[in-house]
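Lettering of chains follows the sequences in order, A, B, ..., and the numbering in each one begins at 1.
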Protein chains: 2
Amino acid sequence: MKNELIKLQEARDEFVTQWGIMGAQWGINRTMAQIHALLMTAPEVMSTDEVMEALEISRGNAHTNLKDLVSWGLIRIVTKKGERKEFFEAEKDVWEIFRRVARERKRREIEPALETLRNCKAASDEMESPEGKAFYEQMEQLEDFVSFASKMGDRVASMQHGKAIKLAMKFFS
Amino acid sequence: MKNELIKLQEARDEFVTQWGIMGAQWGINRTMAQIHALLMTAPEVMSTDEVMEALEISRGNAHTNLKDLVSWGLIRIVTKKGERKEFFEAEKDVWEIFRRVARERKRREIEPALETLRNCKAASDEMESPEGKAFYEQMEQLEDFVSFASKMGDRVASMQHGKAIKLAMKFFS
DNA sequence: ATCCTCTTTCAGTAAATACTGAAAGTTCAT
DNA sequence: ATGAACTTTCAGTATTTACTGAAAGAGGAT
């Protein structure tokens, strides 16, 4: 029978692969999601070269995606004393991962979308034709919903894990 | 000064364009999102040919994306008596749109992800090395979180708009 | 100042994804 | 059975997105 290390390696590979596929479905590039999965399941910090080797990708690719992950707040740079190289370490707490993704997506995508909706609303503000009025109302409904969702996101993202759990219990009661 | 119809047309175009960009960021193809935006703001049902013309896309493209939108439950086919052609009409209620997207993404993406996490968990179930144990715990945390989120989604998606509003009020209290 | 180690950029290329248009398929009226 | 009106499919192509690898940059140590 296979020894534990090999089985672990296989399970980890499956996780990395699937996390990559899932990321892609949600608009995150595959490599970025894979690196994230790799680091989430890494027992130790990893260097750029280690990531390159583990995923068989080029230095440029590894570098770009590592830096993107840092900008999303999903991994952080760690330096070892005596070494000049940078190492990377993932946030492993699931709730914290969720909060950071929520915060970033809000900032990068929800806010601009709201901006557009407000513009469209403003542009159709005083229209008198039925079509104009209908358009205005549709934009308003969308804006209300998105801004509501955005506030929800804020609220949740600012909660501590424990508080969120409690709230969830209440929710399911 | 421009007349209302032209201004409305422009506002609608902006909405269609931006909705397309937003869709792309969330892993939905641009054209599909644009057709959705177009139909959401259409005063009347539209035929495939009208969609083709409005977005300047080919028949094949229009057809494929219209059918995809139908499969997501975001638009429906309408037939006019006496006409053989199919027309399309979008769900315009924002809450209903949200529910349908939530339901579909759950079915298409969350469930398979959970499956993977369970496999990875099972594969590392009885490992004894610290690495194996850590991996198992990480998978478990992720599975718990995702399955929790999935249940939340179900719950919310099964709610009526009014009930959701009430819950939200409670949430913000 | 030169070399060494590591990071960053980016032009060129590969891969993935989306789109076109024409042909084939379907359905129904005559 | 033929044809008109429409829908569906799909091979080929275009566009977008992601990746590579090499060169340039940055920051010490000697």
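- Mapped onto DNA chain C by nearest heavy atom, R84(A) and H63(A) fall at different nucleotides, with R84(A) at the one closer to the 5' end.
- The CZ atom of F87(A) sits 8 Å away from the P atom of dC6(C) (whole-angstrom rounding).
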For residues 37-45 of chain B, which side-chain donor-acceptor pairs fall under 3.5 Å, sequence neighbours excluded?
| unit_1 | atom_1 | unit_2 | atom_2 | d |
| --- | --- | --- | --- | --- |
| T41(B) | OG1 | R12(B) | NE | 2.9 |
| T41(B) | OG1 | A37(B) | O | 2.9 |
| T41(B) | OG1 | L38(B) | O | 3.2 |

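- Against DNA chain C, the stretch residues 19-47 of chain B makes heavy-atom approaches under 4.0 Å through N29(B), T31(B).
- Using a 4.0 Å heavy-atom distance criterion, D49(A) is classed as making no nucleic acid contact.
- Here dT20(C) presents its P atom at 13 Å from CG of L66(B), a figure rounded to the nearest Å.
- Rounded to an integer number of Å, the gap from N61(A) CG to dT13(C) C1' is 14 Å.
- Distance D68(B) CG to dC19(C) P: 11 Å, rounded to the nearest Å.
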Which donor-acceptor pairs under 3.5 Å do the side chains of residues 53-65 of chain A make with protein atoms, sequence neighbours left out?
| unit_1 | atom_1 | unit_2 | atom_2 | d |
| --- | --- | --- | --- | --- |
| S58(A) | OG | N61(A) | N | 3.2 |
| R59(A) | NH2 | D49(A) | OD2 | 3.0 |
| N61(A) | OD1 | N65(A) | ND2 | 2.7 |
| T64(A) | OG1 | G60(A) | O | 2.8 |
| N65(A) | OD1 | N29(A) | ND2 | 3.2 |
| N65(A) | ND2 | N61(A) | O | 3.1 |

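- Listed for the E91(B) side chain is a donor-acceptor partner under 3.5 Å among the backbone atoms of D93(B).
- Classification of the W26(B)-W26(A) ring pair by plane angle, with boundaries at 30° and 60°, yields perpendicular.
- Relative ring orientation between W19(B) and H36(B) is described as tilted, the plane-to-plane angle lying within the 30° to 60° band.
- Side chain of S150(B) to backbone of V146(B): no donor-acceptor contact under 3.5 angstrom is found.
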